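Nothing here was measured: the structure is a model prediction, and the numbers come from that model. Residue numbering restarts at 1 for every chain, and letters A, B, ... go by the order of the sequence lines.
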Amino acid sequence: MNFELTEERQMLQDTLRRFLADKYDVPTRNAILESESGMSAEIWSQLAELGIQGALFDEAQGGFGGAGFDIAVVFEELGRAGIVEPILETCIFGGGLIAALGNEAQKGLLESIIDGNTKIALAHSEPRSRYDLSRVETQYEDGKIKGHKSMAMGAPNADFVIISVRESGGNDDQNGISLFLVPAPDLDMRTTAVMGGGMAADIYLDGLSVSDDKRLGPKGSAFLYLETVFAKAITAICAQTLGGMETATKLTIDYLQTRKQFGKPIGTFQALQHRLSDMLIELEQARSAVIGAAGYLDADTHLRDRYVSAAKNLVGRAARLIAEEAIQMHGGIAMTQEYELAHIAKRVVMADHMFGDTDHHLERFIALSAV
Amino acid sequence: MDLSYTDEESAFQSEVRNFLAEKLSKQMSEKVRLGGDLTKADMDEWHSILNDKGWLAQNWPKAFGGAEWDAVQRHIYEEEAALANAPRIVPFGLSMLAPVLHKFGSKEQCDRWLPRILSGEDWWCQGYSEPGAGSDLASLKTRAVREGDHYIVNGQKTWTTLGQHANMIFCLVRTDVDVKQQEGISFLLIDMDTPGIEVRPIVLLDGGAEVNEVWFTDVKVPVANLVGEENKGWTYAKYLLTHERTNIAGVGFSNAGLQAVKRIAKSELSAGIPLIENPHFAARIAQVEIDLMAMSLSNLRIVSQAAKGGAPGLEASMLKVKGSIIRQEINDLARRAVGPYALPFASEAIEGANEAPFGPEYAAPVAAEYFNNRKLSIFGGSNEVQRQIIAKTTLGAMR
């Protein structure tokens with residue numbers, strides 16, 4: 001066992017932290033949040049120049065990382081700065097599925113993902129699937145996709161969207177799910193800004209013609225690959241939420257030290273001191289949960305999924321506690337949209353609504369424990 | 001970062017497992033598993049078995065006869081020992097006094113006392129808390145006045161765990177009343193057979209009597225038994241507390257406790273199905289298991305950091321708070337899991353306590369353990385004191 005980052009990952013962490021502290025300050029982010037695209041093309045290409053996208057792929061895929069701790073390091077820093085650009089959607093979901101399943105032509109996209117020239121999204125969840133990974137009702141028949149995909153994160157800015165469809169079996173069978181890689185302009189989307197940053201879309205597939213050669217991977221056997229990329233995505237969003245919680249805690253510490261009421265800093269009040277301590281304790285628990293998920297990402301799937309679901313459950317609980325306590329201890333100022341904490345608090349709480357919430361992953365953990 | 005064991009660590013794990021399988025008697029492990037009170041002879045026997053293997057003094061330097069294990073090795077032992085239901089190692093001499101002697105004691109003191117801890121000749125207890133000095137330990141009043149080659153000690157210590165077995169006690173005593181509280185405390189080693197010492201058991205709410213009051217009336221203690229310098233005892237006491245706290249997360253105990261809860265919940269029926277399949281109960285088990293998995297990694301992380309950079313301060317306080325909350329939650333689950341058979345009360349103070357238990361054998365100790373382990377968030381600096389340490393360290397001086 002060893003709990004230290006390699007030198008390469010420490011450098012990656014330092015570089016990214018410095019870059020974001022410098023280039024992604026609060027006014028910049030607030031401007032991005034209010035922009036029509038909800039992201040910055042400039043930041044996107046600068047991240048690629050720094051090699052951030054590349055750090056999320058292994059060497060065979062054209063990157064220089066791709067392991068659990070690369071994901072954890074990158075997303076913790078992205079979360080610390082509260083960045084809203086669709087790195088997770090593009091690299092973990094898009095790049096991850098293309099690298100695992102793509103034919104030679106499709107794999108050609110990896111290079112341009114790593115270079116920052118292509119963005120990808122995954123359209124998997126549906127109005128009736130909630131967080132069930134195997135519940136896919138969208139059909140692919142006679143060259144046409146028919147169905148409705150909900151809250152596809154990153155789709156409004158994507159160049160390509162990966163759409164999951166059912167080709168055989170019942171509505172929640174693990175077998176029979178396929179993926180198609182479709183150019184985004186072909187899609188009928190209703191887009192929205194997301195609470196906590198980023199863009200999402202509902203996608204209406206009313207018999208969209210998609211040729212057979214757009215299929216990503218073999219027919220009907222995408223489920224295992226979806227499970228694998230979701231394990232990575234959960235690790236990533238947990239690390240991102242950890243970074244956000246660190247920022248929320250730091251802002252709270254600064255505020256407790258400087259804000260005066262009744263003639264003294266509010267940090268001198270014991271009622272607040274003990275609540276701060278509980279925030280710090282849960283932050284350490286969350287850090288360990290992320291290390292567990294990242295560390296077992298390449299283990300056998302049972303062990304991996306136990307740690308991944310454990311992390312999503314624990315981080316979800318910790319994020320709610322830290323966001324609520326940070327807002328409460330700040331008081332009125334935290335209720336304003338302009339203040340840094342508002343965005344961070346929204347981001348860490350709303351992460352619970354992606355890839356399964358605390359309750360979903362508690363149930364999954366119970367099911368895994370029974371095996 | 002790498003969460004898997006290295007080849008050496010895996011080999012060590014097998015060695016610990018084989019050792020426990022070979023040397024831990026069925027009789028002893030059953031007694032531990034069923035929450036029975038271990039006698040002094042039981043604990044001495046287990047210490048002696050470990051000492052023969054060189055594994056008794058796990059964190060001592062090799063030069064003093066210790067195993068000098070690193071954080072991961074200690075974690076492996078703790079986990080395996082708890083799962084095998086091995087008796088816990090009594091910490092007072094081994095992991096509380098010994099580090100203080102290593103660091104602050106004279107060579108004569110180390111040569112004299114350390115081998116006797118290993119051999120079991122001395123059984124140490126801890127004279128810290130007093131009726132008026134609990135979490136506010138520095139307010140202690142037990143007085144030691146120097147007269148020639150001796151100190152004359154008067155006062156009272158309390159919550160002295162396993163003091164009934166002890167022949168030696170390390171005490172914090174007040175040697176100067178005219179200075180700031182923390183600056184008038186000294187660290188004394190006292191022979192329990194000295195005239196003027198009286199030990200009185202305290203029966204606790206679970207019916208057990210593991211703690212005592214120790215009274216001192218004109219007790220003569222040789223000056224040679226002063227550790228370090230006079231009036232520097234607070235420094236040594238704080239040093240001791242950081243060692244007391246490195247194991248305070250109790251991850252091994254929590255792991256074993258959680259396994260026990262799951263076994264009980266598989267046997268107990270609720271609405272005709274095993275309790276473990278009841279969604280509400282299963283959710284509570286899963287929640288605490290998730291917390292414990294993270295806690296276990298926190299413990300390893302923090303203890304390995306500490307091994308590199310000195311005793312952990314703030315982090316130890318975090319481990320203490322979260323570790324005790326988790327253990328207490330597991331005790332609560334065990335109590336609930338057994339249902340009505342948690343009710344019988346077997347107190348040492350009540351006649352006939354040794355009769356056959358009611359209900360399944362696993363039911364007998366759980367309510368008592370639940371109440372007994374309320375101590376976890378009180379002793380070693382209450383959880384509120386720990387939160388205070390965490391906040392003050394983080395926030396620094398404010399004006």
Side-chain angles (χ1 to χ4, degrees), chain A residues 1-6 9 67-69 72-73 249 253 256-258 260 264-268 270 272-278 280-292 294-296 299 306-307 309-311 313-315 317-318 358-359 361-370, chain B residues 1-6 9 70-73 75-76 262 274 276-277 279 281-287 289-305 308 314-315 317-323 325-326 383-384 386-399:
Chain A
M1 283 194 171
N2 170 8
F3 290 95
E4 296 201 355
L5 288 177
T6 59
R9 289 189 183 123
F69 289 114
V73 164
T249 305
I253 292 168
L256 290 175
Q257 287 168 328
T258 49
K260 287 191 177 170
K264 47 188 169 182
I266 60 173
T268 57
Q270 199 171 47
L272 301 191
Q273 290 176 346
H274 286 204
R275 293 166 72 167
L276 172 66
S277 298
D278 286 337
L280 291 162
I281 289 168
E282 292 309 318
L283 187 63
E284 284 312 305
Q285 282 285 93
R287 191 185 314 285
S288 291
V290 169
I291 289 172
Y296 292 112
R306 267 173 66 81
Y307 272 90
S309 279
N313 169 272
L314 191 150
V315 169
R317 284 184 282 138
T358 46
D359 295 328
H361 282 285
L362 189 69
E363 282 181 30
R364 183 164 180 254
F365 184 87
I366 292 168
L368 289 162
S369 301
Chain B
M1 295 229 201
D2 188 358
L3 303 188
S4 49
Y5 288 143
T6 61
E9 287 161 352
D70 64 20
V72 176
Q73 287 175 305
H75 169 81
I76 289 171
K262 287 182 176 178
I276 201 161
E277 292 170 27
F281 201 79
R284 286 190 64 192
I285 289 181
Q287 196 79 96
E289 183 166 8
I290 287 168
D291 287 344
L292 179 56
M293 283 160 67
M295 175 83 226
S296 179
L297 285 173
S298 297
N299 191 50
L300 272 163
R301 218 155 44 78
I302 289 167
V303 179
S304 2
Q305 270 167 12
K308 294 193 182 80
L314 169 115
E315 292 84 2
S317 293
M318 294 186 180
L319 290 176
K320 204 263 173 175
V321 174
K322 196 68 195 181
I325 290 171
I326 288 173
N383 281 14
E384 287 67 32
Q386 307 299 342
R387 287 190 175 94
Q388 208 63 30
I389 292 169
I390 295 166
K392 290 246 161 91
T393 313
T394 307
L395 291 167
M398 286 170 289
R399 57 181 76 204

Original post:
salt bridge (Lys or Arg N to Asp or Glu O under 4.0 Å) with A:Glu363: which residues, sequence neighbours excluded?
Top reply: none

Original post:
Taking only residues two or more places apart in sequence or in another chain, which ones pass salt bridge (Lys or Arg N to Asp or Glu O under 4.0 Å) with A:Arg287?
Top reply: A:Glu76, A:Glu246, A:Glu284

Original post:
Under the side-chain contact (heavy atoms from CB on, under 4.5 Å) criterion, do A:Leu314 and B:Met293 qualify, and how do the steps go?
Top reply: CA-CA 10 Å; A:Leu314 191 150; B:Met293 283 160 67; over 6 Å; no

Would you compute the distance between atom [atom1] of [X] and atom [atom2] of [Y] and round it to the nearest 0.5 angstrom?
X: B:Met1; Y: A:Met1; atom1: CE; atom2: CE; answer: 12.5 Å
X: B:Asn383; Y: A:Asp278; atom1: CG; atom2: CG; answer: 9.5 Å
X: B:Thr394; Y: A:Leu276; atom1: OG1; atom2: CG; answer: 6.0 Å
X: B:Asp291; Y: A:Asn313; atom1: CG; atom2: CG; answer: 7.5 Å
X: A:Glu4; Y: B:Asp2; atom1: CD; atom2: CG; answer: 12.5 Å
X: B:Met318; Y: A:Gln285; atom1: CE; atom2: CD; answer: 10.5 Å

**OP:** Take A:Phe3 and B:Leu3 through the side-chain contact (heavy atoms from CB on, under 4.5 Å) test and state the conclusion after the steps.
**Re:** CA-CA 8 Å; A:Phe3 290 95; B:Leu3 303 188; 3.8 Å; yes

Subject >> Segment of B:Ser4 engaging chain A (4.5 angstrom heavy-atom cut-off) >> reply: backbone

Subject >> Under 4.5 Å from a heavy atom of chain A, the part of B:Ile285 involved >> reply: neither

Does [X] reach the side chain of [Y], with side-chain heavy atoms less than 4.5 Å apart?
X: B:Gln386; Y: A:Ile281; result: no
X: B:Ile290; Y: A:Arg317; result: yes
X: B:Met295; Y: A:Ser288; result: no
X: A:Lys264; Y: B:Met398; result: no

**OP:** Determine the option with the most heavy-atom pairs under 4.5 angstrom with chain A, choosing from B:Glu289, B:Glu384, B:Lys392.
**Re:** B:Glu289

Subject >> Max heavy-atom pair count under 4.5 Å with chain B, selected residue of A:Ile253, A:Asp359, A:Thr6 >> reply: A:Ile253

Can you name the nearest heavy-atom pair linking [X] to [Y], along with the distance?
X: A:Leu362; Y: B:Ala283; value: CD2-CB, 3.8 Å
X: A:Ala289; Y: B:Ala294; value: N-CB, 4.2 Å
X: A:Ile366; Y: B:Ala286; value: CG1-CB, 3.5 Å

**OP:** Against chain B, label A:Ser369 side chain, backbone, both or neither, depending on which of its atoms sit under 4.5 Å from a heavy atom there.
**Re:** side chain

Original post:
Counting distance only, does the side-chain N/O of A:Gln273 pair as donor-acceptor with the main-chain N or O of B:Gln388 below 3.5 Å?
Top reply: no

**OP:** May I have the step-by-step check of side-chain contact (heavy atoms from CB on, under 4.5 Å) for A:Gln270 and B:Arg387, ending in yes or no?
**Re:** CA-CA 10 Å; A:Gln270 199 171 47; B:Arg387 287 190 175 94; over 6 Å; no

